[in-house]
Amino acid sequence: QVQPVESGGGLVQAGGSLRLSCTASGNIFTRYTNAWYRQAPGKERELVASITSGGTTWLATSVKGRFTIARDNAKNTVALQMNSLAPEDTAVYYCRVGGKYWGQGTQVTVSS
């Protein structure tokens, strides 16, 4: 059973940065699309960023220019670099790897 583990969440002021990491065992990062989602209170979970097995990335319009997604094959890690954070980025962030395995989520809170 693959259990991704996220880290890097926390409290940051508006305009600040955070880097989220998602790590899992097994050689699944390079074979499937991996992604980051987020869910704000009272809202549905939404896709924030993804990276395909070939390395093609996609970013939601709301985070384009501020967030980047990257994969480190040697470390079995997919990371989400978040810059210029705004209060509306406050949410629980989840990684999904191997096409179907979800992490437990990490809280990101941005204060104004």
Taking all non-hydrogen atoms of both residues, which atom of [X] and which atom of [Y] are closest, and how far apart?
X	Y	result
V2	A24	CG1-CB, 3.9 Å
L59	F67	CD1-O, 3.2 Å
V5	Q104	CA-OE1, 3.9 Å
L80	A49	CD1-CB, 4.0 Å
R19	A79	NH2-CB, 3.5 Å
Y93	V48	CE2-CG2, 4.5 Å

#### Entry: Residue pairs involving residues 46-56 (criterion side chain to side chain donor-acceptor pair (under 3.5 Å); sequence neighbours excluded)
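Of all non-adjacent pairs touching residues 46-56, those that pass side chain to side chain donor-acceptor pair (under 3.5 Å) are R38-E46.
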
### Query
Is the cationic atom of R45 (NZ for Lys, CZ for Arg) positioned less than 6.0 Å from the six-membered ring centroid of Y94 and within 45 degrees of its normal?
yes

### Task
Scan side-chain atoms only and decide if Q107 and T109 contain a donor-acceptor pair under the 3.5 Å cut-off.
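Per modelled atom types, Q107 and T109 side chains form a pair under 3.5 Å.
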
### Message
If only side-chain N and O atoms count, and only distance matters, is there a donor-acceptor pair under 3.5 Å linking S21 with T77?
### Response
no

### Task
Hey, could you give me the SG/CD distance between C22 and E6, rounded to the nearest 0.5 Å?
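Here the rounded value is 5.5 Å.
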
### Query
If you round to the nearest 0.5 Å, how far is CD1 of I69 from CG of N34?
7.0 Å

### Message
My understanding is that only residues two or more places apart in sequence, or in another chain, count here; which of them pass salt bridge (charged side-chain N to carboxylate O under 4.0 Å, His left out) with R66?
### Response
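With sequence neighbours excluded, R66 shows a salt bridge (charged side-chain N to carboxylate O under 4.0 Å, His left out) to D89, given in chain and number order.
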
